[in-house]
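Only one structure is covered here, and it is reproduced in the block below.
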Amino acid sequence: MHAPAHPPTGEARLTGETLRTALAGLLDGLPPRQATQAVERLIANYRGRTPTHTPVLRDRSDVVAYAAYRMPATFEAVRSALEAFRDRLPEWTPASHVDVGGGTGAATWAVAAAWAEGGHRTTVLDWAEPALSLGAELAREAPSEALRTAQWRRQTIGDKLVIPEADLVTVSYVLGELTEDGRRAVTDEAARAARAVVVIEPGTPDGYLRIIEARDRLIAAGFRVVAPCPHSAACPIEAGTDWCHFSARVSRSSLHRQVKGGSLAYEDEKFSYVAAVRDVAVPEAPSRIVRRPQIRKGQVLLELCTPEEGLARETVTKRHGTLYRAARDADWGDEWPPPEEP
């Protein structure tokens with residue numbers, strides 16, 4: 001199941017452009033071939049199994065290449081997940097945030113974009129000192145005070161992790177690097193420490209399964225799902241038949257084109273995620289469109305994940321008037337029916 005997120009607006013766009021500009025400046029001192037080789041090695045490493053006692057990012061050249069290559073995509077994926085969270089709970093604002101396995105801080109930039117007005121305090125936890133140092137360096141020139149004043153702490157991410165209590169904990173692109181016991185320990189510790197938890201993984205079948213496991217553990221700990229699911233019941237997707245994931249549009253840097261080839265100015269970052277809260281009243285959720293709407297003559301076919309029936313199909317015809325026009329404009333991942341205009 002696929003859903004491209006809407007393009008960023010306002011503060012999110014400004015923050016994303018600032019991040020891309022800062023990353024481009026980092027590459028000025030790194031030979032292109034060295035950057036490409038570092039990225040290729042890191043890609044191969046991430047596709048394998050990384051033991052929890054070994055940081056993936058070894059030195060500054062690794063970190064610079066990784067940041068330039070991956071930070072924009074991670075930023076857009078986390079931003080999209082947070083946008084869905086805010087759509088469901090627009091009045092909720094974190095006063096404190098912990099980014100687990102935050103590395104160079106992509107998720108921290110996304111939180112700063114989502115709650116630019118909030119004045120929250122951020123702490124980034126990671127085991128790779130070069131990543132933390134570069135993240136702090138980038139954040140010092142950021143437009144957000146939350147980024148400029150963030151704390152960057154070295155800590156092993158695994159079964160002995162201790163997370164400071166916070167309103168919001170993000171865990172992005174981390175669980176896939178851990179053992180099964182490590183994944184469960186990190187999720188359970190996030191549930192203990194936070195009022196809201198947002199977990200993001202690659203939009204692959206394995207990434208989706210890690211999200212489902214995290215979702216189940218958060219629900220067992222007393223959390224309610226805010227997004228993307230319109231309910232906190234079991235996922236209606238039969239294991240092995242499909243997987244729920246989404247897509248964020250990312251501007252491609254010259255390093256992206258250098259490593260991957262091609263000339264497109266963008267690419268789509270596929271990701272799976274869950275956002276959940278505890279001790280907060282979550283309003284009744286509408287359904288969510290989980291596949292591209294099929295537009296036919298006089299009708300639109302929608303595949304939905306619903307609060308009551310799980311997966312369902314709905315046909316919207318011209319007889320539905322304004323609802324039909326809304327269906328023609330609807331996209332993957334949108335709530336259905338759309339919220340009424342104030």
Name every donor-acceptor pair, under 3.5 Å, that has one atom in a side chain of residues 130-139 and the other anywhere in the protein, sequence neighbours excluded.
from   : atom 1 : to     : atom 2 : distance (Å)
Ser133 : OG     : Glu129 : O      : 3.1
Ser133 : OG     : Glu129 : OE2    : 3.3
Glu137 : OE1    : Arg60  : NH1    : 3.2
Glu137 : OE2    : Arg60  : NH2    : 3.4

Give a yes or no on whether a salt bridge exists between Glu76 and Arg79, defined as a side-chain N under 4.0 angstrom from a carboxylate O.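 A salt bridge links Glu76 with Arg79.
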
Under-4.0 Å salt bridge between Glu284 and Arg88: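 So Glu284 does not pair with Arg88 through a salt bridge.
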
Does the side chain to side chain contact (heavy atoms under 4.5 Å, CB included) test come out yes or no for Ile237 and Trp243, once each step is laid out? CA-CA 7 Å; Ile237 298 174; Trp243 71 98; 5.9 Å; no

Would a distance-only check, ignoring hydrogens and angles, find a side-chain to backbone donor-acceptor pair under 3.5 Å from [X] to [Y]?
X	Y	value
Arg328	Ile295	no
Ser272	Cys244	yes
Glu189	Ile163	yes
Gln155	Val162	yes
Asp268	Ser247	no

Identify the heavy atoms of [X] and [Y] that sit nearest to each other, and give their distance.
X	Y	value
Ser232	Ile219	O-CD1, 3.3 Å
Arg288	Gly333	NH1-O, 2.8 Å
Thr322	Arg325	CG2-NH2, 2.8 Å
Thr156	Leu161	O-CD1, 3.8 Å
Ala276	Leu218	CB-CD1, 4.2 Å
Ala281	Leu89	O-CD2, 3.8 Å

Residues forming a salt bridge (Lys or Arg N to Asp or Glu O under 4.0 Å) with Glu213, sequence neighbours excluded: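 Once residues adjacent in sequence are excluded, the partners of Glu213 under the salt bridge (Lys or Arg N to Asp or Glu O under 4.0 Å) criterion are Arg183, Arg184.
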
Return the set of residues passing salt bridge (Lys or Arg N to Asp or Glu O under 4.0 Å) with Arg217 (not counting sequence neighbours), or none when no residue passes. Asp188

Identified side chain to side chain donor-acceptor pair (under 3.5 Å) partner of His97 from the options Thr170, Thr123, Thr108, Asp167: Thr170

I want to check a possible cation-pi pair here: Arg70 against Tyr173, using under 6.0 Å from ring centre and within 45° of the ring axis as the test. yes

Which of these, Val300, Leu304, Thr306, sits in a side-chain contact (heavy atoms from CB on, under 4.5 Å) with Glu314?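 Checked Val300, Leu304, Thr306 against Glu314; only one passes side-chain contact (heavy atoms from CB on, under 4.5 Å): Leu304.
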
Leu302 pairs by side-chain contact (heavy atoms from CB on, under 4.5 Å) with which of Pro337, Ser287, Pro293?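 Testing Leu302 for a side-chain contact (heavy atoms from CB on, under 4.5 Å) against Pro337, Ser287, Pro293 leaves exactly one candidate, Pro293.
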
Filter on ring-ring contact (aromatic ring centres under 6.0 Å, His included), then keep only pairs touching residues 272-310, sequence neighbours left out; what's left?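 For residues 272-310, and leaving out neighbouring residues, the ring-ring contact (aromatic ring centres under 6.0 Å, His included) pairs sorted by first residue read Phe246-Tyr273, Phe271-Tyr273.
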
Rounded to the nearest 0.5 Å, how far does [atom2] of [Y] lie from [atom1] of [X]?
X	Y	atom1	atom2	result
Tyr324	Gln299	OH	CD	8.5 Å
Thr187	Arg192	OG1	CZ	13.5 Å
Glu91	Thr93	CD	OG1	7.5 Å
Phe75	Thr104	CZ	OG1	12.5 Å

Answer with yes or no whether the side chains of Arg296 and Gln294 bring together a donor and an acceptor at under 3.5 Å.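 Looking only at side-chain atoms, Arg296 and Gln294 do not form any donor-acceptor pair under 3.5 Å.
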
Stepwise side chain to side chain contact (heavy atoms under 4.5 Å, CB included) check, Leu168 with Ser96: CA-CA 6 Å; Leu168 173 66; Ser96 53; over 6 Å; no

Could you tell me whether Arg278 atom CZ has more than 12 heavy atoms of other residues or ligands within 6.0 Å of it? yes

Going by salt bridge (charged side-chain N to carboxylate O under 4.0 Å, His left out), name the pairs with one or both residues in residues 226-240, residues two or more places apart or in two chains. none

Would Val198 and Val226 satisfy side chain to side chain contact (heavy atoms under 4.5 Å, CB included), going step by step from the backbone distance to the final call? CA-CA 10 Å; Val198 180; Val226 178; over 6 Å; no

In terms of hydrophobic clusters joined by side-chain contacts under 4.5 Å, are Leu125 and Val169 together?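 Yes, one cluster joins them.
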
Could you walk me through whether Arg291 and Asp242 satisfy the salt bridge (Lys or Arg N to Asp or Glu O under 4.0 Å) test, starting with their C-alpha distance in whole Å, then the side-chain angles of each, then the deciding distance to 0.1 Å, before giving a yes or no? CA-CA 12 Å; Arg291 287 193 185 277; Asp242 205 347; 2.4 Å; yes

After noting the C-alpha distance and the side-chain angles of Val111 and Asp99, does the key distance pass the side chain to side chain contact (heavy atoms under 4.5 Å, CB included) rule? CA-CA 9 Å; Val111 170; Asp99 188 7; over 6 Å; no

What side-chain donor-acceptor pairs closer than 3.5 Å can you find for residues 200-211, not counting sequence neighbours?
from   : atom 1 : to     : atom 2 : distance (Å)
Glu201 : OE1    : Gly176 : N      : 3.3
Glu201 : OE1    : Arg210 : NE     : 2.7
Glu201 : OE1    : Arg210 : NH2    : 3.0
Glu201 : OE2    : Val174 : N      : 3.2
Glu201 : OE2    : Leu175 : N      : 3.0
Thr204 : OG1    : Gly207 : N      : 2.9

